Every structure is written in C-alpha cells, then in structure tokens.
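Scroll down for the structure; my scribbles are underneath it.
All figures in this text were calculated on a predicted structure; none of them were measured in a lab. Naming convention: chains lettered A, B, ... in sequence-line order (proteins, then strands); numbering from 1 in each chain.
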There are 2 protein chains.
Amino acid sequence: MAKTNQKWHERFRDRGLRFTQPRRVILDVLDNTADHLSAEEIYMRVHKKYPNIGLTTVYRNLITLERMGIVTKFHFGDGCHRFELIENKKKPDHHHHLVCTGCKRIIDYDDFMDEEIEYIKKVESALSRKHSFNITDHVIQFYGLCKKCKAA
Amino acid sequence: MAKTNQKWHERFRDRGLRFTQPRRVILDVLDNTADHLSAEEIYMRVHKKYPNIGLTTVYRNLITLERMGIVTKFHFGDGCHRFELIENKKKPDHHHHLVCTGCKRIIDYDDFMDEEIEYIKKVESALSRKHSFNITDHVIQFYGLCKKCKAA
DNA sequence: TTAATAATGATAACCGGTAGCAATTAGTAA
DNA sequence: TTACTAATTGCTACCGGTTATCATTATTAA
Ligand SMILES: [Mn+2]
Ligand SMILES: [Mn+2]
Ligand SMILES: [Zn+2]
Ligand SMILES: [Zn+2]
C-alpha cells in the first residue's frame, strides 16, 4: 500500500502534478474493486470515508487519470461513462467486455486473446497503410442477455 | 425512390406504425449520406427542407428506427450518439469503424471481415457457453490519429 | 517556513436527450 | 369521400451527466 502510493506519487510528480488526498482516495477505490464504476459511483464510495471530497473533483481527476494512462474510460450503452484502473490486480491484464443489455452487468473476459491480438495486428497494419492512420487503441465489446435476463 | 418508399411503408405497416412525412424525410437524409450523423445533424438537414419538423420528432424516430432494425446507433467517444442506415447503398454491408480522436472523422472499413467473422464466432460461442450468455451484437472500433492530425 | 501555484469544493451552467400534453395526421372502415 | 380513431407530432419544460467559474485551500520545491 505504502509503496504503491509511492509509485503513484512519482507518476504525478513526473508530470508536475500533485498527489492529493482526493487522488489517493479515488485510486484506492478503483484499485479495490472489480467493477466498472461510473463517476457518481466512485464519488459515493469516496464520500463514505471522505465526505468533504466533492463530485466535481472526482470528475476532474478521472479525466486526469485517463490522460495519464492510469485509467480507461468506457461507454457501455447506459447513459454514463465507466472507469477501470488499468493495472488492477483483480483483473486480467488485457481483456474485453461482455455486456448484458438487460441488467447492465459487465463481464471481463480474456478468452482467445491470442487470436484476437493476431486479428487486431492484421487490421491495424492494413488500415494504417491504407488510410495513413496511426492506430493507438481499440474497443471490442459483445452485447447480449445474461442467463437471468434470458429467462425473465 | 418510389419503390423504396413503398418498402419502408410496408415495414412500418407490418408493425402497426405509420409512414409519416417526418419518417420519410429522416430516412431520405440517412439514405443519402455516407456520414455518421448525430440526431442534431440529422435534424439540421431535415430542417432545411422541412422547417416544421421538430427536433424531438427526430430523436423519437431514431429510437423507433433502431428498434425496427433499420438504423444502428453508435457511440464514438464524442458526446453524442451517431446513426447509420443499415441498408445503405453508399456503404459496405458489414463494416466496422476507424475513428480519428483528433478531428473525429469516422472511416468505414471492411478489410479482413472473414478473419473477423471467424474470430467473433469463436469468441461468441465460447462466451455463450462459459457465461450462459445470449450474444446478439458486438462493437469493434479502432481509434487513432488520421494523416492530418498526426502531422499537426 | 514560505512563496508559488496546482488543486479543490460549492454553485451555476451546459448539453444531449426525454416526458407530458394538446393539436395534428395517417390509415381504415363506412 | 367522409368520418373516426389511434398513432404521431411539435411545443415546452424538464432531466441527469458533465463541465466552467472562481474564491479558497493544500501541496511542493526552495
Ligand atoms: Mn473491464
Ligand atoms: Mn459506418
Ligand atoms: Zn442480465
Ligand atoms: Zn483526424
């Protein structure tokens, strides 16, 4: 914990940013969940222990964390953005998402990552050449109904 | 044009829905562009020729068209939804998207669709089994910088 | 310790999208 | 054609997620 904080501290310092209490707390929340939390959900968890930290601060820092490459922002089709710590021990390193359109549950999966990486490489190199594009990221999501929602 | 309208008319009638002027106009806009328009952009094009058609009507009908499977709704990371006619002569049938995070340009591509369909099938069957999921849809998007935005 | 300034928190504003509702219109049956 | 009925429209007000403002506070390097 202490050493992790040390690591975060350095990453902020290297950019001329400060390692504030709100940032510490937000990172702690994100590191201790396997969920894909919205800004408000993060705020509520933060608020429980630190009621003086504001919602705006959470929003602002999520943007900052995304810019720093610490957090990834997703859009799963409900009306808000959801966030995930990139280096989170509770999750597979490189994974994608399976989303239930009924109950909105989100499942991380990393099956067939080898095939996928191969496919992605192919597409990326072809599209890079064809369109002079510099591809930096991708989104792959599957939508459907989970067991419960199928039955209901 | 006339026969196409006839076809639309039938699809609406089959569901007990009416083929109204706003719907005609919205479909016309969507069929005559290769772009991925937002609701407001569609509204503006509609508004030029039919200033009496309201924005709310456009929003409502886009939902209807999506439910009917005539239109697909996307989210590319700018703050709005974008829509595309599924059967549009100006576009490849089954395609995915390349998005410039700089200028927000969206490129349709259908390279490597065979490989992709194979990969998707594999993942879908594996995930369906593993999580008892009924997969109905997927999103695959590549993000990066286009030629111009790279240079700038 | 202190000065410089990054960051915060409260509030108000913004913006894409919806709900409510009276007025209109498309489709059907006479 | 006409009349009827329910679907649809176009206002307007409203909503929820997110962002701008700005005076105040807290972090950090010197
Ligand atoms: Mn995840
Ligand atoms: Mn497209
Ligand atoms: Zn579900
Ligand atoms: Zn660009």
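- The shortest distance between the side-chain N/O atoms of B:His81 and the OP1/OP2 oxygens of C:dG16 is not below 4.0 Å.
- Atom CD of B:Glu40 and atom C1' of C:dG17 are 10 Å apart (whole Å).
- Distance NE2 (A:His75) to P (C:dG16): 14 Å, rounded to an integer number of Å.
- Look at CZ on B:Arg23: it is 13 Å from C1' on C:dG27, rounded to the nearest Å.
- With salt bridges taken as basic N to acidic carboxylate O contacts below 4.0 Å, one links B:Asp108 and B:Lys91.
- As rounded to whole Å, 14 Å separates atom P of C:dC15 from atom CG of B:Asp78.
- Ring centroid separation for the pair A:Phe76 and A:His97 comes in under the 6.0 Å cut-off.
- Side chain of A:Cys80, nearest nucleotide from C:dT8, D:dT18, D:dA20: D:dT18.
- Between A:Arg82 and A:Asp35 no salt bridge is recorded (no basic side-chain N to carboxylate O distance below 4.0 Å).
- At the phosphate of C:dT8, OP1 or OP2 sits under 4.0 Å from a side-chain N or O atom of A:Asn61.
- In this structure, of C:dT11, C:dG17, C:dT28, it is C:dT28 that holds the atom nearest to the side chain of B:Arg13.
- Across C:dA19, C:dG16, C:dT8, the shortest atom-to-atom separation from the side chain of B:Thr56 is found for C:dA19.
- Counted by atom type alone, B:His96 and A:His138 present zero donor-acceptor pairs between their side chains at under 3.5 Å.
- Among the protein residues, A:Leu17 comes within range of the sugar-phosphate backbone only, with heavy atoms under 4.0 Å from sugar or phosphate atoms but none that close to a base.
- We find that CG of B:Asn52 is positioned 8 Å from P of D:dC11, with the value rounded to whole Å.
- Remark: A:His9 is not in phosphate contact with D:dT27, judged by side-chain N or O atoms under 4.0 Å from OP1 or OP2.
- Using a 4.0 Å heavy-atom criterion, one finds that A:Thr20 contacts the sugar-phosphate atoms exclusively.
- Distance CZ (A:Phe12) to C1' (D:dA29): 18 Å, rounded to an integer number of Å.
- Nearest-nucleotide positions on DNA chain C for B:Ile63 and B:Phe19 put B:Ile63 closer to the 5' end.
- In terms of phosphate contacts, A:Tyr59 brings a side-chain nitrogen or oxygen within less than 4.0 Å of OP1 or OP2 of D:dT18.
- A donor-acceptor pair shorter than 3.5 Å can be found between the side chains of B:Glu84 and B:His95.
- Taking 3.5 Å as the limit, the base of D:dG10 and the side chain of B:Arg60 contain a donor-acceptor pair of atoms between them.
- Of all non-hydrogen atoms in A:Glu116 and A:His94, the two that sit nearest each other are OE2-CE1, 4.0 Å.
- Within 4.0 Å of A:Leu62, counting heavy atoms only, lies no atom of the nucleic acid at all.
- As a whole-Å value, the separation of A:Glu66 CD from D:dT18 C1' is 14 Å.
- With D:dT9, D:dG17, C:dG9 as the candidates, the nucleotide lying closest to the side chain of B:Thr57 is D:dT9.
- Both B:Ser38 and A:Val58 sit near DNA chain C, but only A:Val58 has its closest nucleotide nearer the 5' end.
- If you check distances only, the side chain of B:Arg18 does reach the base of D:dA6 with a donor-acceptor pair under 3.5 Å.
- As rounded to whole Å, 15 Å separates atom C1' of C:dA6 from atom CZ of A:Arg24.
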